[in-house]
Amino acid sequence: MKQPFKLSWNAVERLAERYATPILVLSLSQVEYNYKFFQQHLPGVKVFYAMKSNPEPRLIKKLADLGSSFDVASDGEIYALSEMGIPPERMVYANPVKTPRGLAAAQKMGVRQFTYDSESEIDKIAGFIPGATVLLRIRIDNNTSLVDLNKKFGTDPREALALLRRARDRGLDAAGLCFHVGSQNTAAEAYLYALSVSRRIFDAAAREGIKLRILDIGGGFPIPTGDLNIDVIAMVEQIQKQLAKLFPHTEIWTEPGRFISGTTMNLITRVIGTQVRNGKQWYYLDEGLYGTFSGILFDHWEYEMETAKTKKGPEIEAIFAGPSCDSLDIVFRDRKTVPLEVDDLILVPNCGAYSSASATTFNGFAKAEIVVWEEVKEKLQQNMAAVS
Ligand SMILES: *Cc1c(COP(=O)(O)O)cnc(C)c1O
């Protein structure tokens, strides 16, 4: 695995000179590396990028050009991809509980692949798209992920057969199963367990004449954060081995979100105020919880952060707050840092997933602009050449 995309300090300073902060820098070559990781380590597996993790059009376009398919969850996502010219065959509508607007969008744009986990959803899908291809989402209990999605979605594996039968009897194409072990999942075991549960259901279905042909292993693949060093290659190799053993003739899909988008963006933010209150050092930044750092709230994410002055001078503990007038808007508590001043820059790597995607414009602060590193890099180099 190569080191994820991280700007040099020289680049951080030049970008901050050229563009207003806060600014997000997107690396399209990191997007390509992450997409190809799946082709390399899970050969033959079809990738449906979960666009909720980062719907930036330039990132989507890069993936589309590389041949990726997409996991969508709403009418807005279906229309966004359709407008970019991505055909409906490359979409799976993987939200187990779909809105009428979402189903109408699927009908209009020609999306025919869906997931479901209940009887009521079968009737809804059959009403809008007769004969649609459907995957049954099963629940996988797992405590090795950061965000457990199985509390909200997935049917008890014991109910699976009845729901597959029901889909078939309503005229749908009961094509397979799907699961999601939870996001930022750090152990292969959850996948391996899910594969063995899935195999049992495939066999039971076959005995009833329902020939399942697709298994969607969901997302959840982790990215490096802080001190956490995960051997993703070893993890994925274990999954691949088990797939070859249990599902040699099944079409395998995966829906990575975080793994594709997480390492592709760096944030540059700036100290805009300092204050000592009750003996505590406070730093105010031009980006906060309502912006790129929204992942603190929605994704339980702990962001890394670097300053240019790292390693110079003794460290203190400080509180970092965002620019809004809300007292909730605190980004880091008791973070170790060298003393900072107004205008100092801060670099936050690995903030491409569930960050800008859930940012708001609360209190009138615009969302951070996104620039593409491979495009601005050359301009910066030209500038540097002109100066020297
Ligand atoms: C969010 C989501 C994903 C992506 O999960 P990551 O942990 O970001 O890989 C994939 N599939 C479904 C159904 C999801 O809801």
Side-chain angles (χ1 to χ4, degrees), residues 4 31 34-35 37-38 41-42 45-56 59-60 63 68-74 76-78 81 90-99 102 106 111 113-118 121 125 134-140 142-155 176-188 190-191 194 198 214-225 228 230 232 235-236 239 252-265 294-295 298-301 350-358:
V31 173
N34 294 347
Y35 177 77
F37 178 90
F38 286 96
H41 296 283
L42 287 174
V45 171
K46 195 164 168 183
V47 173
F48 290 76
Y49 169 60
M51 68 181 287
K52 78 168 182 287
S53 72
N54 189 330
E56 161 57 35
L59 185 154
I60 301 272
L63 288 171
S68 184
S69 293
F70 298 87
D71 161 347
V72 297
S74 64
E77 291 186 344
I78 291 171
L81 293 185
R90 281 164 76 176
M91 300 180 207
V92 60
Y93 191 166
N95 187 336
V97 184
K98 287 162 277 298
T99 59
V111 176
Q113 306 177 128
F114 303 87
T115 72
Y116 72 105
D117 67 0
S118 69
E121 199 69 8
I125 297 170
V134 292
L135 306 182
L136 174 63
R137 172 120 166 218
I138 55 169
R139 191 173 77 224
I140 299 298
N142 174 28
N143 55 17
T144 59
S145 69
L146 176 70
V147 185
D148 186 359
L149 294 161
N150 287 286
K151 291 191 177 74
K152 185 168 173 189
F153 295 119
T155 188
L177 301 180
C178 63
F179 56 80
H180 195 303
V181 296
S183 203
Q184 185 70 7
N185 175 69
T186 52
Y191 292 95
S198 300
I214 301 170
L215 178 65
D216 178 348
I217 65 172
F221 303 95
I223 63 166
T225 81
L228 183 66
I230 317 141
V232 192
M235 189 174 150
V236 171
I239 297 168
I252 308 295
W253 296 1
T254 182
E255 300 167 351
R258 186 191 309 279
F259 189 85
I260 298 238
S261 61
T263 52
T264 64
M265 295 211 306
S294 57
F298 297 124
D299 190 35
H300 317 286
W301 198 249
N350 300 328
C351 62
Y354 307 110
S355 294
S356 55
S358 49

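For ligands, and for the atoms within them, numbers begin at 1 and follow the listed sequence. Values below: every heavy atom of this structure, side chains too, minus hydrogens, waters and symmetry copies. Keep in mind the model is a prediction, meaning the values are calculated, not measured.
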Check each atom of ligand 1 against the heavy atoms of Ser183 and keep those under 4.0 Å away; list them by number with element.
6 (P), 7 (O), 8 (O)

Below 3.5 Å, N or O to N or O, backbone or side chain included: is there any such pair between Arg137 and ligand 1?
no

Would you please determine whether Pro256 falls within less than 4.0 Å of ligand 1 on a heavy-atom basis?
yes

Any side-chain donor-acceptor pair under 3.5 Å between Thr264 and Asn54?
no

Show which atoms of ligand 1 fall inside a sub-4.0 Å distance from at least one heavy-atom site of Tyr354.
1 (C), 4 (C), 5 (O), 6 (P), 8 (O)

Would you mind telling me if ligand 1 is within reach of the side chain of Lys152, the backbone, both or neither, using heavy atoms under 4.0 Å?
neither

For the residue pair Tyr93 and Ser74, what are the closest heavy atoms and their distance?
CE2-N, 3.9 Å

Smallest heavy-atom separation, Asn95 atom then Glu121 atom, equals O-OE2, 4.5 Å

Under the rule for salt bridge (charged side-chain N to carboxylate O under 4.0 Å, His left out), what residues qualify as partners of Glu77, not counting sequence neighbours?
none

With respect to Gly257, determine whether any N or O atom, backbone or side chain, lies less than 3.5 Å from an N or O atom of ligand 1.
yes

Is it the side chain, the backbone, both or neither of His180 that has a heavy atom closer than 4.0 Å to ligand 1?
side chain

Could you tell me whether the side chain of Met265 reaches within less than 4.5 Å of the side chain of Ser355, counting heavy atoms only?
no

Name the option, out of Gly220, Gly154, Ala94, that contains the heavy atom nearest to atom 6 (P) of ligand 1.
Gly220

Any side-chain to backbone donor/acceptor pair from Lys98 onto Thr115? Under 3.5 Å, distance only.
yes

Should one rank Glu255, Met51, Gln184 by closest heavy-atom distance to atom 11 (N) of ligand 1, which comes out on top?
Glu255

At under 4.0 Å between heavy atoms, which part of Phe153 makes contact with ligand 1: side chain, backbone, both or neither?
neither

Evaluate side-chain contact (heavy atoms from CB on, under 4.5 Å) for Thr155 paired with Arg137, printing each intermediate quantity in order.
CA-CA 6 Å; Thr155 188; Arg137 172 120 166 218; over 6 Å; no

Taking only heavy atoms of Lys52, which atoms of ligand 1 are found under 4.0 Å from at least one of them?
1 (C), 2 (C), 3 (C), 14 (C), 15 (O)

Counting heavy atoms under 4.0 Å, the part of Asn95 that contacts ligand 1 is neither

Among all residues two or more places apart in sequence or in another chain, which pass the ring-ring contact (aromatic ring centres under 6.0 Å, His included) test with Phe259?
Phe37, Phe38

